[in-house]
There are 2 protein chains.
Amino acid sequence: MSAPQGWEAIRAEVLRRIDSRVWAPGALIPTEEDLAAEFGCARATVNRALRELALAGVLERRRKAGTRVATHPVRKATLDIPVTRLEVVGRGQVYSFRLLAQTKAVPPLAVASRLGLAPGATLLHLRTLHFADAKPFLYEDRWLNPAVLPEGLPPDLAEMSINEWLVKTVAYTYGDISFSAANASPDEAAYLDVAPGAALFITERTTWAGEAPITLVRLAYGPGYRLHTQV
Amino acid sequence: MSAPQGWEAIRAEVLRRIDSRVWAPGALIPTEEDLAAEFGCARATVNRALRELALAGVLERRRKAGTRVATHPVRKATLDIPVTRLEVVGRGQVYSFRLLAQTKAVPPLAVASRLGLAPGATLLHLRTLHFADAKPFLYEDRWLNPAVLPEGLPPDLAEMSINEWLVKTVAYTYGDISFSAANASPDEAAYLDVAPGAALFITERTTWAGEAPITLVRLAYGPGYRLHTQV
DNA sequence: TGGGCTAATATGTCTGCACATAATAACCGC
DNA sequence: GCGGTTATTATGTGCAGACATATTAGCCCA
């Protein structure tokens, strides 16, 4: 019931004109100056509205060329990448986790190359099982570059999982995430307490701090897990 | 090699201070005014930089309370939701598709309620198979509200898939996406030419135009599909 | 005709100022 | 003390004007 005001009102009106085909996909829309005159506001205000829409993928803007309605509305969805503990707690469940193994090992070639490391370098290999209400929720397989840990691993891993401790301690500048699906291996099935071959939702994350690789982690979520977002 | 200038330089400097723990997670950072004085620029410029960082989840801002470094760096990843055809073509493969079935039917209760429709309303039910280089790539199961189609379905469905025609014709204002994993049903396995029970990557999308539901679609991607993004 | 220089133009960003808004802190009367 | 009102404060947004920059269109000359 609240009519937006200011730049949000302009964004809404522009969206409406696009939706109602007043401005067709691919068409050039008036300049910021013209729109500012029409709406009776400053150009900066129009700029703010159009910039947001360009960011959302609705408009395409180029200097001198002007602003046009995106031909292929590649909508951009933003999704939050929360820490596992908060994800569980946010569902109103009790979070806990168990460190299954912690070793130093030479990673498989695929892992080393994904991290841009020389083959043969040793990494920390951690495997953790996360629980929601004492039920297995997530199986985590992590390779960690010890070089980025100034003082080794934290003393107590009671409250916080490795991941949570990592994000608070080692700031990353660049990350890379992919989502996919995979059938549960016998091991994974046993850990997550599902039938072997069950479809798992897989998240793989690689993070760097500048040039130095930090970690590569594979998260296998049990059945029923959904990643959710809005556009 | 290019030192950023203007508000991007400020964003970079703020990020640096956070990464290097000059400003610890949870700590309050100086006000816009103070930072503007320090950097020798206008407050609006600082505002722009801090706003971007808040949008990215690095900072948390509240009026009067000030700006603090996010305690739990819930990084926000943005992912593009492209049209299937472009997704395939973008991989350098040849795109094609086949409409398997097109019927009018009363949807299951779950579908009707997700769309906010009265049970018993009839919808269009479309099932489509999409190919990449003549190999099955994606199985699409779509329920479509005929009320939003002013002139029925398009005449030729040769070039463009239903989805692509939809996004160009019926603009949506609100959407809802979820990703999950599921084992292939016998039908899906047959269509996608995989073993029954294979892990499929599932995307479910619901879209509305204002209050009116447009479509609910379930996309089942064959093995090997990855959704990819960066932070 | 064609290639390269130049001018025109729309967007990108900055400044300095103003007022609006939300949320906290201070205050005051009981 | 305590609860409720008021003042203060940091951010949110607006305006008008200016300059920067990318890109196009047109011009001129070989």
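Protein chains get the first letters and strands the later ones, always in sequence-line order, with residue 1 at the start of each.
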Rounded to whole Å, please give me the gap between [atom1] in [X] and [atom2] in [N].
X: A/L28; N: D/dT23; atom1: CG; atom2: P; value: 15 Å
X: B/R51; N: D/dT11; atom1: CZ; atom2: P; value: 13 Å
X: A/E60; N: D/dT23; atom1: CD; atom2: C1'; value: 16 Å
X: A/E52; N: C/dT11; atom1: CD; atom2: P; value: 16 Å
X: B/L50; N: D/dA10; atom1: CG; atom2: P; value: 14 Å
X: B/L55; N: D/dT11; atom1: CG; atom2: P; value: 17 Å
X: A/R61; N: D/dT21; atom1: CZ; atom2: P; value: 18 Å
X: A/E32; N: D/dG17; atom1: CD; atom2: C1'; value: 15 Å

Subject >> Within 6.0 angstrom of A/E33 CD, more than 12 heavy atoms from elsewhere >> reply: no
Original post:
Stepwise, does the side-chain hydrogen bond (donor to acceptor under 3.5 Å, both in side chains) test hold for B/R98 with B/T128?
Top reply: CA-CA 6 Å; B/R98 186 154 56 89; B/T128 314; over 6 Å; no
**OP:** Hey, which sits more toward the 5' end of DNA chain D by its nearest nucleotide, B/E33 or A/W7?
**Re:**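 Comparing both residues, the 5'-ward one is B/E33.
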Original post:
Which residue, B/I29 or A/C41, contacts DNA chain D at a nucleotide closer to its 5' end, judged by nearest heavy atom?
Top reply: B/I29
Original post:
Taking all non-hydrogen atoms of both residues, which atom of B/W208 and which atom of B/R114 are closest, and how far apart?
Top reply: CZ2-O, 3.5 Å
Original post:
Is any side-chain heavy atom of B/L227 closer than 4.5 Å to a side-chain heavy atom of B/F179?
Top reply: yes
With a cut-off of less than 4.0 Å, is there a side-chain N or O of [X] near OP1 or OP2 of [N]?
X: A/T45; N: D/dC15; result: yes
X: B/T67; N: D/dA10; result: no
X: B/R48; N: C/dT13; result: yes
X: A/N47; N: C/dT13; result: no

Original post:
When we call it a touch if two heavy atoms are under 4.0 Å apart, what does A/A44 touch: a base, just sugar-phosphate, or nothing?
Top reply: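 It contacts nothing in the nucleic acid.
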Original post:
Quick check, are the ring centers of A/F131 and A/F97 under 6.0 angstrom apart?
Top reply: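 Aromatic pair excluded; centres sit 6.0 Å or further apart.
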Original post:
Is B/R68 salt-bridged to B/E60, cutoff N-O under 4.0 Å?
Top reply: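 Between B/E60 and B/R68 there is no salt bridge, as every charged N stays at least 4.0 Å from the carboxylate O atoms.
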Original post:
Which letters describe nucleotides 19-27 of chain C, given B = protein heavy atom under 4.0 Å from base, S = only from sugar-phosphate, - = neither?
Top reply: --BSBB---
**OP:** Please report the C-alpha distance between A/Y225 and A/E87 in whole Å, then the side-chain angles of each, then the deciding distance to 0.1 Å, and finally whether the side-chain hydrogen bond (donor to acceptor under 3.5 Å, both in side chains) criterion is met.
**Re:** CA-CA 11 Å; A/Y225 180 78; A/E87 199 167 6; 2.5 Å; yes
